[in-house]
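One structure is given here, and the rest of the page talks about it.
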Amino acid sequence: MLRAGWLRGAAALALLLAARVVAAFEPITVGLAIGAASAITGYLSYNDIYCRFAECCREERPLNASALKLDLEEKLFGQHLATEVIFKALTGFRNNKNPKKPLTLSLHGWAGTGKNFVSQIVAENLHPKGLKSNFVHLFVSTLHFPHEQKIKLYQDQLQKWIRGNVSACANSVFIFDEMDKLHPGIIDAIKPFLDYYEQVDGVSYRKAIFIFLSNAGGDLITKTALDFWRAGRKREDIQLKDLEPVLSVGVFNNKHSGLWHSGLIDKNLIDYFIPFLPLEYRHVKMCVRAEMRARGSAIDEDIVTRVAEEMTFFPRDEKIYSDKGCKTVQSRLDFH
């Protein structure tokens, strides 16, 4: 029995390898070879074999909520609001078998507070290859949409790109970085895809996820954090309701937000405006320790302190928050 099972596995592998050799020349041959492998093994389908060697979009793949929660709690520092909201938003969305619209998150805060890092964590928990996945798409405003005079062209290209990729994988993730540098109007091209439509031109976008990253609103977030600090209240006492309403209005009226007078806000198509609070001295030290662990180095508290003290803090008198968050921790650690 064991020998028969081994022979079936060996035969399947041999046929699969043969199929991969001829894949570039004759796709039909690939199908026949894998079909033969399936027949020999008696239990492996075409997709079963193919997906062992290539990335597949598996709509039924469940979200590991425990792993996501652990990643957010252990890797993201000083962001209790972002941790809670992102965890609940993602798990609720993925547990819903029939969402009425795509999940749309807008992340706001100064540079170095963890917005890009969170998008990486989200991508890795949704697709095993993370940001390298064929089903995760990153747009950088200054790279992909640099010229104001080409807004119409960018809008057309963006619609075609999203339509094509969601057609290939309903669970696609789209990340828009540097939204504060995006020319107003471009993002409204995707408004139909974020709305409560069952389909748009025969394609359903309801299982896709859209994430916007922006520095816009950072001043509003910092003001609220400072107000709490000066009133002697804990940072962890800040709730989403303290920031989300003023953040959505502020971004909508900010000509440099990329969402200025956007229909996405006007029509309430952004599910959550998620504030990233400015980081304190203690959070910077956490970032230094995390970077040391990532490099396989022993934690040296003297170096941790020296790196943290090299950072600059604001406001001028209180010096509470790092003006660059943890953004320069890696480069500064190179000197120690």
Side-chain angles (χ1 to χ4, degrees), residues 55-109 113-139 162 165-166 168-177 179 187 190 193-197 204-214 217 221 236 238-241 243-244 247-248 251 259 264-265 268-277 290:
E55 186 183 22
C56 289
C57 177
R58 295 183 180 273
E59 293 188 25
E60 73 281 1
R61 182 176 179 268
L63 173 68
N64 187 332
S66 298
L68 173 62
K69 186 175 183 180
L70 190 64
D71 278 347
L72 290 170
E73 291 178 346
E74 291 191 351
K75 298 177 181 179
L76 185 64
F77 307 123
Q79 304 298 352
H80 68 283
L81 285 175
T83 296
E84 179 183 8
V85 177
I86 289 172
F87 174 74
K88 289 183 177 179
L90 279 176
T91 53
F93 181 73
R94 287 300 296 268
N95 288 335
N96 186 349
K97 301 300 182 183
N98 186 31
K100 300 302 181 185
K101 66 179 293 296
L103 178 63
T104 308
L105 308 175
S106 194
L107 282 49
H108 298 266
T113 52
K115 301 184 301 297
N116 289 89
F117 190 45
V118 158
S119 65
Q120 177 182 331
I121 291 174
V122 169
E124 290 172 350
N125 278 272
L126 293 173
H127 296 283
K129 291 189 176 182
L131 294 177
K132 296 180 180 180
S133 169
N134 292 324
F135 313 122
V136 176
H137 312 280
L138 174 64
F139 299 95
I162 291 176
N165 282 286
V166 173
C169 180
N171 293 332
S172 291
V173 178
F174 301 93
I175 303 169
F176 293 82
D177 195 10
M179 280 293 294
I187 202 64
I190 70 172
F193 306 148
L194 305 187
D195 216 326
Y196 291 82
Y197 298 123
S204 174
Y205 298 87
R206 292 183 169 189
K207 293 186 177 181
I209 295 176
F210 294 81
I211 303 174
F212 305 135
L213 313 180
S214 178
I221 297 168
E236 289 73 22
I238 302 174
Q239 300 179 37
L240 188 63
K241 66 181 181 181
L243 279 165
E244 192 172 34
L247 194 55
S248 62
V251 170
L259 289 167
L264 274 59
I265 298 178
N268 298 309
L269 298 180
I270 296 178
D271 299 296
Y272 296 96
F273 288 87
I274 304 176
F276 280 66
L277 304 175

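Since this is a predicted model, take the numbers as computed values, not measurements. Computation of the quantities below employed the complete heavy-atom set of this structure, encompassing side-chain atoms and omitting hydrogens, waters and symmetry-equivalent molecules.
Taking all atoms of both residues into account, the shortest heavy-atom contact from Phe273 to Ser248 is CE1-CB, 3.5 Å. The nearest pair of heavy atoms linking Leu72 to Ile121 is CD2-CG2, 4.1 Å. Residue Leu81 comes nearest to Pro275 through the heavy atom pair CD1-CG, 3.8 Å, listed as atom of the first residue, atom of the second, then distance. Of all heavy-atom pairs between Asn98 and Arg206, the closest is OD1-NH1, 4.0 Å. The two residues Ser119 and Leu131 have their closest heavy-atom pair at O-CD2, 4.5 Å. When all heavy atoms of Ile187 and Met179 are compared, the pair lying nearest together is CG1-CE, 4.1 Å.
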### Query
Can you list the steps and then say if Phe93 with Leu63 is a side-chain contact (heavy atoms from CB on, under 4.5 Å)?
CA-CA 10 Å; Phe93 181 73; Leu63 173 68; over 6 Å; no

### Query
Can you list the steps and then say if Lys69 with Glu73 is a side-chain contact (heavy atoms from CB on, under 4.5 Å)?
CA-CA 6 Å; Lys69 186 175 183 180; Glu73 291 178 346; 3.0 Å; yes

### Message
Go through it in stages, so that I can follow the logic: the residues are His137 and Val173, the test is side-chain contact (heavy atoms from CB on, under 4.5 Å), and I'd like the CA-CA distance, side-chain angles, deciding distance and then a yes or no.
### Response
CA-CA 6 Å; His137 312 280; Val173 178; over 6 Å; no

### Task
Just do the side-chain contact (heavy atoms from CB on, under 4.5 Å) check on Ile238 and Leu277 with the steps written out, would you?
CA-CA 10 Å; Ile238 302 174; Leu277 304 175; 4.2 Å; yes

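For OH of Tyr197, the number of neighbouring non-hydrogen atoms (other residues, nucleotides, ligands) closer than 6.0 Å is 12 at most. Counted within 6.0 Å of NZ on Lys101, heavy atoms from surrounding residues, nucleotides or ligands total more than 12; the atom is thus considered enclosed.
Between Phe135 and His127, the two ring planes are tilted [angle within 30° to 60°].
Here CZ of Phe77 is found 13.5 Å from OG1 of Thr113. Values are rounded to the nearest 0.5 Å. Here CD of Glu244 is found 8.0 Å from OH of Tyr272. Values are rounded to the nearest 0.5 Å. Separating the CD1 atom in Ile270 from the CG atom in Leu105 is a distance of 9.5 Å, to the nearest 0.5 Å. For the atom pair Ile86 CD1 and Leu103 CG, the distance stands at 10.0 Å (nearest 0.5 Å). Here the CG atom belonging to Leu126 is positioned 5.5 Å from the CG atom belonging to Leu90, to the nearest 0.5 angstrom. Separation of atoms CD (Gln120) and CG (Leu138) is listed at 11.0 Å; rounding is to 0.5 Å.
Judged purely by distance below 3.5 Å, without hydrogens or angles, the side chains of Asn116 and Asp177 pair a donor atom with an acceptor atom. Ser133 and Glu55 share a side-chain donor-acceptor pair at under 3.5 Å.
A side chain to side chain donor-acceptor pair (under 3.5 Å) with Asp71 is found for one member of Asn64, Thr83, Asn125 and no other, namely Asn125. Partner of Phe174 under the ring-ring contact (aromatic ring centres under 6.0 Å, His included) criterion, out of Phe212, Phe210, Tyr205: Phe210 alone.
Side-chain contact between Ser106 and Leu259: present, with at least one pair of heavy atoms (C-beta onward) separated by less than 4.5 Å. The side-chain heavy atoms of Pro99 and Lys207, taken from C-beta on, include a pair separated by under 4.5 Å. With a 4.5 Å cut-off on side-chain heavy atoms, Leu247 and Ile274 do not count as touching. At least one side-chain heavy atom of Leu269 sits under 4.5 Å from a side-chain heavy atom of Tyr196.
Judged by distance alone, the side chain of Asp271 and the main-chain N or O of Thr104 form a donor-acceptor pair under 3.5 Å. Side-chain N or O atoms of Gln79 include none that pairs as donor or acceptor with a backbone N or O of Phe276 at under 3.5 Å. A donor-acceptor pair under 3.5 Å is absent between the side-chain atoms of Ser214 and the main chain of His108, judged by distance alone.
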